[in-house]
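All chains are named by letter (A, B, ...) in the order of the sequence lines, taking the proteins before the strands, and each is independently numbered beginning at 1.
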Protein chains: 2
Amino acid sequence: MINNDNKIQVTIIEDDKTIREGFTYLINASPKFNVVSSYSNVEEALGKLQANAPQVILLDIELPGISGVDAIPKIKSLLPKTHILMLTVYDNEELVFKSLSNGASGYLTKNSNTEKITDAIQEVIDGGAPMSMNIAKIVIKSFHKNRNSPLTKRETEILEQVAEGKSRSKIAKDLFVDLETVKSHIKNIYSKLNVHSREDAIRQAKDNKYI
Amino acid sequence: MINNDNKIQVTIIEDDKTIREGFTYLINASPKFNVVSSYSNVEEALGKLQANAPQVILLDIELPGISGVDAIPKIKSLLPKTHILMLTVYDNEELVFKSLSNGASGYLTKNSNTEKITDAIQEVIDGGAPMSMNIAKIVIKSFHKNRNSPLTKRETEILEQVAEGKSRSKIAKDLFVDLETVKSHIKNIYSKLNVHSREDAIRQAKDNKYI
DNA sequence: AATCTTATCACGCTATAAGGGTGATTTGCT
DNA sequence: AGCAAATCACCCTTATAGCGTGATAAGATT
């Protein structure tokens, strides 16, 4: 019997049998990794995961029943130290960000070759965050602000503070200007963004990445 | 004379002469890239950049005078299509996120070898977002929510809406509950977070990644 | 020189929103 | 049976939000 004790233990949760078995084969072919278990759905996995206690879980982002995205917090509460790598076919922005805020550590595309798969697993083990070029691009782009904002520097500054939940008078204090000045700026902001409330101003500004 | 016309044009802005010249040498050694210009400071670069119009700029994140971070929007307004790769020595979280929101496309550590440098340049040209393992980790971690939030699901939901600038009555409408219910939840949230205002609640929650 | 933009401040007005106190009910989970 | 979570009720006071209208000074732009 081969000794798997000092290998990195991996679990796969993926409903497509071909991919599940393909990945298992490719990963087991590496001397450093061992697939301890694989499941076709989250429900079954949750019941049995603690017995395996893998260091890394490859989790399909879209699964019937409990989705991969929703499975992340459930898995994390059972195995807090386990790294979760999402398996994706195409890049769905919304699912990517939901997975991230739920606690995923990285992404692996389903058409990856052996090297990419093992590299990614090794990278999460080393504390990294492996992802495809496309995912990295989406993530980085989410930080970029719009350089064509209609708002002036001061207006942007004030709207950012509005979005932090500050009252107009608190903003005035913090910026060392009069309350009337802040009111005036906010009036101009509303007019430029064509809105009539804090809520709408914040939404507009965030949607357009003005703030 | 060597024909550089169909090579990818690169500019370097970096105050350390050794690194500037080292990178220039390494990049020029590749048949695909050509360093058209290099500057030791942003001020000089801004005046001359448009004459070169490089596709990629390697920009030191920390520079005397105008910093690399602050240079990004200025460069982008001169050359909107140019990709900016930040040069870093160590990973300063704040500078990383500021660079990103200002429009940087990726990161390159100063101790990179030729392959990493040319790979990164090629990757931004291809629309990607190259970065070191550490930077990727920092970026991904910034999305992760705290799984030990003292707030219940409903409380988290409501606080998220408060952070969107919604009034209590708007939240009540959107959640199909009574205003009194929302007030009650917010009271509980304030009590759990030990705060007495929207502003403080939002700050607390964001700092601890409860929302 | 004339104009525009930006940031600043003033005053008046009305509705409501925010924060706090205290307490009750119901549902679901353990 | 007990507890946490979510719901709703009624009381209270002060501050806030949003709107209208207008002024002023400094800087940039044309």
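Within 6.0 Å of NZ on A:Lys170 lie more than 12 heavy atoms contributed by other residues, nucleotides or ligands. Counting heavy-atom neighbours within 6.0 Å of B:Lys206 NZ, excluding the residue itself, gives a total above 12.
Residues passing the salt bridge (charged side-chain N to carboxylate O under 4.0 Å, His left out) test with A:Arg20: none are found, sequence neighbours excluded.
Side-chain atoms of B:Asn92 come within 3.5 Å of backbone atoms of B:Glu94 as a donor-acceptor pair (strictly under, hydrogens ignored). For the pair A:Lys48 (side chain) and A:Ser37 (backbone), a donor-acceptor distance under 3.5 Å is absent. Between the side chain of A:His144 and the backbone N or O of B:Ala104, at least one donor-acceptor pair lies under 3.5 Å. The backbone N or O of B:Asp16 sits less than 3.5 Å from a side-chain atom of B:Glu14, completing a donor-acceptor pair.
The existence of a salt bridge linking B:Arg203 and A:Glu164 is excluded, since no basic side-chain nitrogen approaches an acidic carboxylate oxygen closer than 4.0 Å. With respect to the salt-bridge test (charged N to carboxylate O, under 4.0 angstrom), the residues B:Glu157 and B:Lys153 do not qualify.
When rounded to the nearest whole Å, the span between CD of A:Glu157 and P of C:dT6 equals 15 Å. Remark: C1' of C:dT5 and CD of A:Glu155 are 10 Å apart, rounded to the nearest angstrom. Between the CZ atom of A:Arg154 and the C1' atom of C:dT8 there is a distance of 9 Å, rounded to whole Å.
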Per-nucleotide protein contact along nucleotides 18-23 of chain C, 5' to 3', at a 4.0 Å heavy-atom cut-off (B base, S sugar-phosphate only, - neither), is BBBBB-
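Close approach of DNA chain D to chain B, defined as any atom under 4.0 Å from a non-hydrogen atom of the protein, starts and stops at D:dA5 to D:dC11.
With axes fitted over five pairs at each extremity, the angle between the ends of the helix from C:dA1-D:dT30 to C:dT30-D:dA1 is 70° (10° resolution).
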Just the table, please: protein N/O against nucleotides 27-30 of chain C N/O, every pair under 3.5 Å.
none

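Side chain to side chain, B:Ser184 and B:Thr181 fail the donor-acceptor criterion of an N or O pair below 3.5 Å. Side-chain contact check for B:Gln204 and B:Asp200: no donor-acceptor pair (N or O, by modelled atom type) lies under 3.5 Å.
Rounded to the nearest 0.5 angstrom, A:Tyr107 OH and A:Ile84 CD1 are separated by 11.0 Å.
The side chain of A:Thr181 contributes an N or O atom lying less than 4.0 Å from OP1 or OP2 of C:dC9.
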Report all side-chain donor-acceptor pairs from residues 56-75 of chain B shorter than 3.5 Å, counting only partners two or more places apart or in another chain.
{"residue": "B:Asp60", "atom": "OD1", "partner": "B:Glu62", "partner atom": "N", "Å": "3.3"}
{"residue": "B:Asp60", "atom": "OD1", "partner": "B:Lys110", "partner atom": "NZ", "Å": "3.1"}
{"residue": "B:Asp60", "atom": "OD2", "partner": "B:Lys110", "partner atom": "NZ", "Å": "3.2"}
{"residue": "B:Ser67", "atom": "OG", "partner": "B:Val69", "partner atom": "N", "Å": "3.4"}
{"residue": "B:Ser67", "atom": "OG", "partner": "B:Asp70", "partner atom": "N", "Å": "3.2"}
{"residue": "B:Ser67", "atom": "OG", "partner": "B:Asp70", "partner atom": "OD2", "Å": "3.3"}

